[in-house]
Amino acid sequence: MKIKFFSSRPYEEDYLIKANLTKHEISFETASLSTQTVDSTIGFEAISAFTNDDLSADILKKLKENGVNYIALRSTGYDHIDLKYAAENGIKVANVPEYSPYSVAEHAVTMMLTLNRKIIQTDQQVKKYNFTLNNLIGFDMNNKTVGIVGMGKIGQVIAKILNGFGCKILAFDIDPKSHLTENYNVTYCSKKELFEKSDIITLNCPLTEDTHYTINKESLTTMKNGVMIINCGRGGLINTSDALDGLKIGKIGYLGLDVYEKEKGLFFYDHSQNELKDTILLELMNFKNVLITPHQAFLTSTALKNIADTTFYNIDCFAQDKISENELT
């Protein structure tokens, strides 16, 4: 099978080449899939796409016209693809439902600790030979209440880690799992109660119509003053403008973002020689209590290997006309 990989990066290409085992003819494209690049798929039977590629109905229509019948996502999330259109037009789609929940969970907890103990600020001070402690006071994680929104595999690992810290763990999920209560002292509750009682809130749910802007002006009013919010899920889970207002009045005491609702075309690229025109993001960067990472929570060697292996498992199934266990359409 002849496959084009969009939004490919040097850090993943070796893993993909090894997973391919020379079975398929693969081509890497650093540009994202868009109206400008979709015509480059002529002559390809399949494509592989990442989180910020455009897989709307218009693009899918063009892909189908170009002879592309298979899409192998290199991500768990699939909110960027019109699955209804794909299914109706015979385009098979498969994702990577699990690559390493530990990579994302550990990154989320890393953000909590980094913000809490002011590690970035400390590093900057020490490098200027400033060894004072005046503005570096943190808090014990032990006995703090952490609310986890979304108890899938990532949320479960976060619960396991935070239970080790001695945190009180609240959880909201549409499918409560009793073993988490037994093993990690997780207490399931309503989203409203979670917001009201949590010192730290971490978002680990998919982006859907129901979860879009989970954090907004209204939900923020129910939270504790100085709450810490961590988002390693999807950018659209937070209304960033409302979060910025929350930071300004002290409602949000700490904000950790590995994803951003307007990250498309920004994250995964080097813009160091360009003027950043996103005024909201610029404002966020001026807060010492805000930590932003460029959608890197997944980025471990274990995760990259698993993503590559699962991607080519899906591709092999496409090529052999077999049903992949990861098929979405």
I'd like to know whether [atom1] of [X] has more than 12 heavy-atom contacts from other residues, nucleotides or ligands below 6.0 angstrom.
X      : atom1 : result
Ile174 : CD1   : no
Lys305 : NZ    : no
Glu218 : CD    : no
Lys168 : NZ    : no
Asn130 : CG    : yes
Lys61  : NZ    : no
Lys217 : NZ    : no
Tyr78  : OH    : no

Rounded to the nearest 0.5 Å, what's the gap from [atom1] on [X] to [atom2] on [Y]? Could you check?
X      : Y      : atom1 : atom2 : result
Ile158 : His107 : CD1   : NE2   : 11.0 Å
Ser40  : Phe6   : OG    : CZ    : 3.5 Å
Ile229 : Ile215 : CD1   : CD1   : 4.5 Å

Run the salt-bridge test on [X] and [Y] with the 4.0 Å N-O cut-off and return the result as yes or no.
X     : Y      : result
Asp14 : Lys18  : no
Asp79 : Arg234 : yes
Asp39 : Lys62  : yes

Looking at [X] and [Y], what are the two nearest heavy atoms and their distance?
X      : Y      : result
Thr329 : Glu327 : O-OE1, 3.0 Å
Ile3   : Phe44  : C-CD2, 3.5 Å
Lys118 : Asn135 : CD-O, 3.1 Å
Asn204 : Thr202 : OD1-OG1, 3.0 Å
Gly152 : Asp173 : N-OD2, 4.1 Å
Ala171 : Met151 : CB-CG, 3.5 Å

*Pick from Tyr15, Phe5, Phe318: which one makes a ring pair (Phe, Tyr, Trp, His ring centres under 6.0 Å) with Phe312?*
Phe5
*Please check if the side chain of Thr211 supplies one atom and the backbone of Thr214 the other of a donor-acceptor pair under 3.5 Å.*
no
_Parallel, tilted or perpendicular: which one describes the rings of Tyr99 and Phe298, with boundaries at 30° and 60°?_
perpendicular
*Strictly by modelled atom types, are Asp278 and Tyr260 linked by a side-chain donor-acceptor pair under 3.5 Å?*
yes
*If you group Ile, Leu, Val, Met, Phe, Trp and Tyr by side-chain heavy-atom gaps below 4.5 Å, do Tyr313 and Ile315 land in one group?*
no
_Arg9 to Tyr269, cation-pi by 6.0 Å centre distance and 45° axis angle_ = yes
